[in-house]
2 protein chains.
Amino acid sequence: MAQESCSCSCARNDLPWEGRGTDLPIAGCRFTLYPMTDRYIDIILGALEKTDTSYVWSETDALSTVYRGRLPYVADAVKALFINAYEPGVHMALEGQYSKGCPGDVSGDSMLDKTGDAPNVSSYEGKHFPVNCKLALYPMGTGNYVDDIAKVWYMAQDKGLNPTTIHYATRIGGDVQDVFDYLEEVCALMDASETVSHYILHYTINCNSPTKED
Amino acid sequence: MAQESCSCSCARNDLPWEGRGTDLPIAGCRFTLYPMTDRYIDIILGALEKTDTSYVWSETDALSTVYRGRLPYVADAVKALFINAYEPGVHMALEGQYSKGCPGDVSGDSMLDKTGDAPNVSSYEGKHFPVNCKLALYPMGTGNYVDDIAKVWYMAQDKGLNPTTIHYATRIGGDVQDVFDYLEEVCALMDASETVSHYILHYTINCNSPTKED
């Protein structure tokens, strides 16, 4: 089933889709940064300037940007971009979609020759602020994926991220470092799974929300 | 399999999740509106004031809002909110997640007694502007869901929405009315499917993007 099915609209030989699947360790994250201010372009460009994206393949269109490469470098670049874009008091959100293993994926568009430490650690380490996050995990190609979802839920609980169930998603919250690290660990867990060949993790993170919760 | 599996982290009796599934026709859309301007609160509140949400159950937290009820009323309210929030020249995005049939869903939190015409048509009919959109459809509980994805791709092509494949999603574009109507039709197609008991449709729509594409 895994070789035929694809949640991201991309795997059929009779359709004009290029991908034929790849066993290469290409992870990716498609994301959009939303600073809710007139200065959103300056904030995004400023954050980009501070972020080393040389360890990922990158493409931007009018809706979003995608980074592709090895998971630690993809996660490092996305985390750096968000933290580098942070300004006290400015409400900002990041909508993201991690994915790996789509049977319709292509083996190109990545930078798999990179090794060593992630290049952005020094730009975000030691920076802390609270964030809200919601996520929905879709492990594909396995009949028992509820077990993986359960593992991930408990992992959030163990990390003190206070998971709660809301319609269609899970809410967590905590320090920005912990939330980004958790999302990467969810992906790493899926990577290590023997039953999940393809997963998608949709998430939204925001800071400085004007909406107060009880 | 469909009774056990759930992509939205909510269906296991041994976890602290309330849902036990429902056969009721409860559709939902979790979404966030992102006007990229200092006036984002005024724009969101102003759009809400113009939008009749009395036909849907609604809940807002610090990250997003969810509307639940019958699909046509949920779709009507989300479309109205976006179009009512539109201002010429203001870059704005809507991140959304339609879903129906999660085995972990609850039978409450909806307004299924509503009938008749959708209440917001007069607030958005005749309003036209171009939008960009990306979407990713996840039909769950069926081994052949690539067939549904294919149908949806061709449906976009038939409607002149110019679908193209990007990593992890499908891009479409066109008039705001056509794009919202298409997303609702995708959900209606999933509802009518005999093989899909549970689907999720993630999408992002934006207007007035400063990023020019070739």
Side-chain angles (χ1 to χ4, degrees), chain A residues 1 4-12 15-18 28 30 32 34-38 40-41 59-64 66 68 91 93 95 97 99 102 105 109 132-138 143 145-146 149-150 152-153 165-171 200 202 204 206 209-213, chain B residues 1 4-12 15-19 28 30 32 34-38 40-41 59-64 66 68 91 93 95 97 99 102 105 109 132-134 136-138 143 145-146 149-150 152-153 165-171 200 202 204 206 209-213:
Chain A
M1 185 177 109
E4 291 179 335
S5 60
C6 176
S7 66
C8 41
S9 316
C10 51
R12 265 174 72 117
L15 283 174
W17 300 328
E18 287 179 8
R30 179 169 292 284
T32 311
Y34 301 115
M36 253 71 75
T37 162
D38 292 348
Y40 71 96
I41 294 177
E59 190 172 67
T60 297
D61 65 22
L63 274 161
S64 55
V66 63
R68 279 164 59 89
H91 180 32
E95 170 196 359
Q97 174 196 23
S99 187
C102 175
D105 203 359
D109 299 348
N132 303 301
C133 177
K134 67 179 167 72
L135 60 130
L137 174 66
Y138 308 107
Y145 61 84
V146 71
I149 290 173
V152 159
W153 204 94
T165 296
I166 56 175
H167 290 298
Y168 319 123
T170 297
R171 267 293 300 272
I200 306 98
H202 280 267
T204 309
N206 79 12
S209 171
T211 305
K212 299 299 167 212
E213 298 181 332
Chain B
M1 185 179 110
E4 292 180 334
S5 60
C6 176
S7 66
C8 42
S9 316
C10 51
R12 267 173 71 118
L15 283 175
W17 299 330
E18 287 178 7
R30 178 170 294 284
T32 311
Y34 301 114
M36 254 74 75
T37 161
D38 292 348
Y40 70 96
I41 294 177
E59 190 171 68
T60 297
D61 65 23
L63 273 161
S64 55
V66 62
R68 278 164 60 88
H91 179 33
E95 169 196 0
Q97 174 196 24
S99 187
C102 175
D105 203 0
D109 299 348
N132 302 302
C133 177
K134 68 179 167 74
L137 174 66
Y138 308 107
Y145 62 82
V146 70
I149 290 172
V152 159
W153 204 95
T165 295
I166 56 176
H167 290 298
Y168 319 124
T170 298
R171 268 294 300 271
I200 306 97
H202 279 267
T204 309
N206 77 13
S209 171
T211 305
K212 299 298 166 213
E213 297 181 331

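Just so it is clear: chains get the letters A, B, ... in the order the sequence lines come, proteins before strands, and each one is counted from 1.
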Step-by-step side chain to side chain contact (heavy atoms under 4.5 Å, CB included) determination, Asp61(B) to Ile166(A)
CA-CA 10 Å; Asp61(B) 65 23; Ile166(A) 56 175; 4.1 Å; yes
Chi angles and distances behind the side chain to side chain contact (heavy atoms under 4.5 Å, CB included) call for His167(A), Asp105(B):
CA-CA 7 Å; His167(A) 290 298; Asp105(B) 203 0; 3.8 Å; yes
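The CD1 atom of Ile41(A) sits 8.0 Å away from the NE2 atom of His91(B) when rounded to the nearest 0.5 Å. Going from atom CZ of Arg171(A) over to atom OG of Ser64(B) covers 7.5 Å, rounded to the nearest 0.5 Å.
Heavy atoms closer than 4.5 Å to chain B are found in both the backbone and the side chain of Tyr34(A). Looking at Ser209(B), only its side chain comes within 4.5 Å of chain A, counting heavy atoms on both sides.
Taking chain A as the reference chain and counting heavy-atom pairs below 4.5 Å, the highest number among Thr32(B), Thr60(B), Val66(B), Thr204(B) is found for Thr204(B). When Asp38(A), Asp109(A), Thr211(A), Val152(A) are compared by the number of non-hydrogen pairs under 4.5 Å with chain B, Asp38(A) comes out ahead.
Between His202(B) and His202(A), the ring planes lie parallel to each other; the angle is under 30°, not in the 30° to 60° tilted range.
Closest non-hydrogen pair, Pro35(A) versus Met36(B), comes out as O-CG, 3.2 Å. The nearest pair of heavy atoms linking Ala62(A) to Asn132(B) is CB-ND2, 3.7 Å.
When Gln97(B), Arg30(B), Arg68(B) are each tested for a side-chain hydrogen bond (donor to acceptor under 3.5 Å, both in side chains) with Tyr168(A), only one passes: Arg68(B).
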